[in-house]
Amino acid sequence: MAGVVIVGAGQAAASAAAKLRALGYAEPITIIGEEPLAPYQRPPLSKAYLLGQMPIDRLLLRSPEFWAEQQVELRLGTAVTAIDRAAKEVRLAGAKVPYSQLILATGAVPHRLPAAIGGTLAGVHVVRNLADVDGMAPALRAGARLVVVGGGYIGLEAAAVARKLGLEVVLVEAAPRILGRVASAETADAIRSMHLAHGVEIIEGIGISRLWGDASVRGVELSDGRNLPADLVIVGIGVAPATALAQAAGLAIDNGIAVDAEGRTVDPAIWAAGDCASFPMGGGRLRLESVGNAIDMAECVAGNILGAATAYVPRPWFWSDQYDAKLQIAGLNTGYDQVITRRAEGYSVWYYRGKTLLAVDALNDARAYMVGKRLIEAGRSPDAARVADPLTDLKALL
């Protein structure tokens with residue numbers, strides 16, 4: 001009997017399956033994933049897991065018993081090769097799985113450096129899945145020389161872990177500053193200062209010419225001619241939505257798999273959720289790469305498959321752990337024209353467009369994060385001068 005088939009076995013897939021059962025869906029549910037492991041958390045991969053502080057069983061989102069009790073079939077270590085929309089089935093190697101409704105939760109794939117400049121040399125790593133992290137772990141030994149390419153959150157988290165493990169670390173960012181696409185200069189300054197204090201060398205505004213070595217990487221040549229010796233390289237230059245399967249099936253692609261407000265693609269029997277999906281927002285389209293979005297969007301899709309007809313309204317939140325610091329982010333800072341900084345319990349950066357509060361970056365300041373998140377979700381914007389005043393009780397802003 002055909003039921004709901006979910007392609008991808010990450011956070012969105014696990015959330016959709018669990019929500020379907022919680023809402024009383026009784027037909028078959030099948031999750032098909034390329035990795036051999038049941039759905040697991042990805043954020044700890046570049047943090048606690050890489051440091052050896054989280055065993056693999058704690059990565060799992062649900063226990064094996066949960067999937068058995070909920071009668072969710074996990075087909076792991078299996079790639080979907082095609083979607084036959086006319087027959088309503090997905091094709092695997094040597095098999096076909098029918099569906100009544102299909103959810104694409106294919107996630108994203110990391111950008112890599114081109115082979116022509118040494119991107120495929122041994123010792124060059126990305127951080128996306130368990131195999132990536134397990135592959136680099138043996139090289140993360142005290143005294144080794146690491147070059148991190150990319151000054152976004154993944155690159156900075158990798159640098160922090162490497163310093164904790166005793167490696168020599170140089171981080172290279174081609175843009176004028178770290179976190180250029182995702183955070184204000186004020187937040188970047190605070191993060192940069194923290195890394196410099198922990199011994200990371202940061203090179204900004206300089207690109208990569210090539211990686212050199214024989215079979216394995218031995219160094220990185222910068223665009224200004226400098227050479228950085230390297231025993232390994234970690235590349236953190238962003239991701240792209242995994243859309244190949246959807247595109248081959250003739251679904252609309254627009255910065256991801258394009259869905260309507262309810263999460264449905266141009267095919268009424270096919271839905272998408274999580275990192276791979278873009279949805280209508282503010283007259284355009286938005287795609288979010290976060291755990292919160294994967295959970296909320298997948299649960300919304302699950303409800304809509306059962307007829308809820310609910311538009312997805314994102315409540316963006318993110319976090320990053322670096323050294324002993326926690327950066328928590330609420331909202332989206334896109335289009336801000338004013339930044340307010342606050343030093344009280346910790347350090348926080350408040351983004352405004354005109355008088356409207358858009359987002360908050362809170363560094364070791366859980367109260368600023370929680371208050372900012374509640375204000376943004378309620379559509380309320382406190383006076384910027386009150387926010388900046390360290391004597392203001394943030395809870396009073398609520």
Side-chain angles (χ1 to χ4, degrees), residues 1-39 61-62 64 66-109 129 240-254 256-260 262-279 294 297-309 312:
M1 180 186 298
V4 173
V5 172
I6 306 173
V7 180
Q11 181 74 66
S15 298
K19 189 66 171 180
L20 283 166
R21 287 294 187 238
L23 293 173
Y25 182 72
E27 302 302 322
I29 299 176
T30 304
I31 294 177
I32 305 173
E34 293 187 21
E35 295 184 70
L37 194 64
L61 289 166
R62 301 283 189 169
F66 172 85
W67 299 117
E69 290 167 1
Q70 296 297 311
Q71 297 184 332
V72 174
E73 180 184 2
L74 302 181
R75 301 185 69 155
L76 305 174
T78 303
V80 173
T81 58
I83 300 168
D84 187 332
R85 291 168 54 189
K88 297 184 75 170
E89 60 189 20
V90 296
R91 295 177 183 170
L92 320 176
K96 297 177 181 178
V97 180
Y99 63 83
S100 57
Q101 300 288 315
L102 177 65
I103 302 175
L104 299 178
T106 48
V109 292
N129 59 33
T243 59
L245 190 65
Q247 189 165 10
L251 302 177
I253 306 298
D254 185 354
I257 303 169
V259 299
D260 64 14
E262 296 181 14
R264 187 186 290 103
T265 71
V266 293
D267 185 318
I270 303 180
W271 311 70
D275 290 6
C276 68
S278 71
F279 51 90
M297 191 176 187
E299 291 186 347
C300 182
V301 163
N304 288 336
I305 285 175
L306 300 185
Y312 176 55

Practice problem: Quick one: pull up CZ in Arg85 and CG in Leu251 and give me the separation to the nearest 0.5 Å. | Solution: 5.0 Å
Self-check item: With Ile83, the side chain to side chain contact (heavy atoms under 4.5 Å, CB included) member among Val7, Leu245, Asp267
Solution: Leu245
Exercise. Return the set of residues passing salt bridge (charged side-chain N to carboxylate O under 4.0 Å, His left out) with Glu35 (not counting sequence neighbours), or none when no residue passes.
Key: Arg42
Quiz item: Pairs in or reaching into residues 6-26: which pass side-chain hydrogen bond (donor to acceptor under 3.5 Å, both in side chains), with residues at least two apart or in two chains?
Solution: Gln11-Ser15
Exercise. Output all residues satisfying side-chain contact (heavy atoms from CB on, under 4.5 Å) with Ala22, sequence neighbours left out; order by chain, then residue number.
Key: none
Quiz item: With Ala16, which residues qualify under side-chain contact (heavy atoms from CB on, under 4.5 Å), at least two apart?
Solution: Ile6, Ile103, Ala298
Quiz item: Excluding sequence neighbours, so at least two apart, what forms side-chain contact (heavy atoms from CB on, under 4.5 Å) with Ala252?
Solution: Ala258, Val266
Quiz prompt | Residue pairs passing the salt bridge (Lys or Arg N to Asp or Glu O under 4.0 Å) test where at least one lies in residues 93-107, sequence neighbours excluded | solution = Glu89-Lys96
Quiz item: Mind checking what makes salt bridge (charged side-chain N to carboxylate O under 4.0 Å, His left out) contact with Asp254, not counting sequence neighbours?
Solution: none
Quiz item: Of all residues at least two apart in sequence or in a different chain, which pass the salt bridge (charged side-chain N to carboxylate O under 4.0 Å, His left out) check with Glu299?
Solution: none
Practice problem: Indicate yes or no for a side-chain donor-acceptor contact from Asn304 to the backbone of Gly307 under 3.5 Å, with no hydrogens or angles considered. | Solution: no
Quiz item: Who are the side-chain contact (heavy atoms from CB on, under 4.5 Å) partners of Ile253, not counting sequence neighbours?
Solution: Thr243, Ala246, Gln247, Ile257
Table please: side-chain donor-acceptor pairs of residues 71-80 below 3.5 Å, with sequence neighbours left out.
residue: Thr78; atom: OG1; partner: Leu76; partner atom: O; Å: 3.1

Quiz prompt | With sequence neighbours excluded, residues passing salt bridge (charged side-chain N to carboxylate O under 4.0 Å, His left out) with Arg264 | solution = Asp260, Glu262
